Amino acid sequence: TALGGPAQLAAFPDAVRPLEPLVYKPSRVTVNRTTLPASPEVWVMEAAADVAAVNAASSAPGVPVAPGSLASLYGAFAGAGTESASAFPLPRALGETEVLVGGKAVPLMMASPSQINFQLPAAQQAGQAVVEVRVKGERVARGSVTVLEGAPGLFAVGRKRVRRGEALEIYATGAGRMTPPVEDGAAAPAQPLSFTVAAPAVYLDGRLIPVTFSGLAPGMAGLWQVNAAIPADASPGPDVSIVIIHGGIVSNQLSVAVE
């Protein structure tokens, strides 16, 4: 079963919840005997469009993004220049390029003729929203973005080597709502810190490990920082996997050397 398009997903994801497991797919999927799932799945497919919206950290096609998170648009944006934001709060336009989500301009981090990085509004509701790219006031691309309350993507770990018993910083996006909330495009303050409403699950080599902090990284917009404690009895290794599960979505995988 496959679902796609704003009309079909008006009540998404509650409408398909009884049919779990849900698997998120891009707009085009090649199906053959080797790629068919072993058991029945419901595929939530991205609507076919001339622009693709993805998590800025994972860039995984078809996977949803979360309110307040950093996202990327890929496509052909005729007339757009290459520019980056130089200060906070992030601007709603870079040069003559704008991105509109649900008809409202959103904060931009970077714009170019083929990629735009932006922050999704923190108040964005779950479901699908129309996203448009405008250059000089003219629409040059249009598509949709699928939104869930939590949809993690991992950028990097704070250091490549960590000792057992120490804390590891993970930098990500896709945490969803924060408390207290921070204005869209603004740098998160150090005082007071802004925490995730729901705690994530962090797995080290498949083992659930304690989370000591989960919130916005101070001084940045939309950047999620997770501090996790490496157990004293963790198995050492040069390439140990790190994954976050949040809002029912599994992140991309990073690795760290555990000593």
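Computed from a predicted structure; not experimentally measured. Atom set for the values below is all heavy atoms of this structure, side chains included, hydrogens, waters and symmetry mates excluded.
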Using the side chain to side chain donor-acceptor pair (under 3.5 Å) rule, take T212 and N227 through it: C-alpha gap first, then chi angles, then the decisive distance, then the call.
CA-CA 5 Å; T212 58; N227 297 349; 4.7 Å; no
Quick one, L204 with V256, criterion side chain to side chain contact (heavy atoms under 4.5 Å, CB included). Give me CA distance, side-chain angles, the key distance, then yes/no.
CA-CA 9 Å; L204 178 74; V256 63; 4.3 Å; yes
In terms of heavy-atom contacts, does CZ of R163 have more than 12 from other residues, nucleotides or ligands at under 6.0 Å?
no
Would you tabulate the side-chain donor-acceptor contacts of residues 54-71 under 3.5 Å, counting partners in other chains and residues two or more places apart, or write 'none'?
from: N55; atom 1: OD1; to: A57; atom 2: N; distance (Å): 2.7
from: N55; atom 1: OD1; to: S58; atom 2: N; distance (Å): 3.2
from: N55; atom 1: ND2; to: A151; atom 2: O; distance (Å): 3.3
from: S58; atom 1: OG; to: A60; atom 2: N; distance (Å): 3.3
from: S69; atom 1: OG; to: A66; atom 2: N; distance (Å): 3.3
from: S69; atom 1: OG; to: A66; atom 2: O; distance (Å): 2.6

Using only atom types and a distance under 3.5 Å, with no angle test, would you say the side chain of R164 pairs donor to acceptor with the backbone of E259?
yes
Hey, is the main chain of S241 close enough, under 3.5 Å, to the side chain of S255 for a donor-acceptor pair?
no
So which residues get pulled into F195's cluster when ILVMFWY side chains under 4.5 Å apart are joined, directly or through others?
L193, F213
Excluding L100, membership of its hydrophobic cluster (Ile, Leu, Val, Met, Phe, Trp, Tyr; side-chain heavy atoms within less than 4.5 Å) reads none
Write out all pairs satisfying salt bridge (charged side-chain N to carboxylate O under 4.0 Å, His left out) with one or both partners inside residues 171-187, taking only residues at least two apart or from two chains.
E149-R177
Smallest separation among heavy atoms of I116 and A111, with atom names
CG1-CA, 4.1 Å
Pairs involving residues 87-96, ordered by first then second residue, that meet side-chain hydrogen bond (donor to acceptor under 3.5 Å, both in side chains) (sequence neighbours left out):
none
Please collect all ring pair (Phe, Tyr, Trp, His ring centres under 6.0 Å) contacts where either partner lies in residues 230-249, sequence neighbours excluded, each pair once.
W224-H246
Decide yes or no on side chain to side chain contact (heavy atoms under 4.5 Å, CB included) for V226 and I244, but give the supporting numbers first.
CA-CA 9 Å; V226 180; I244 289 179; 4.0 Å; yes
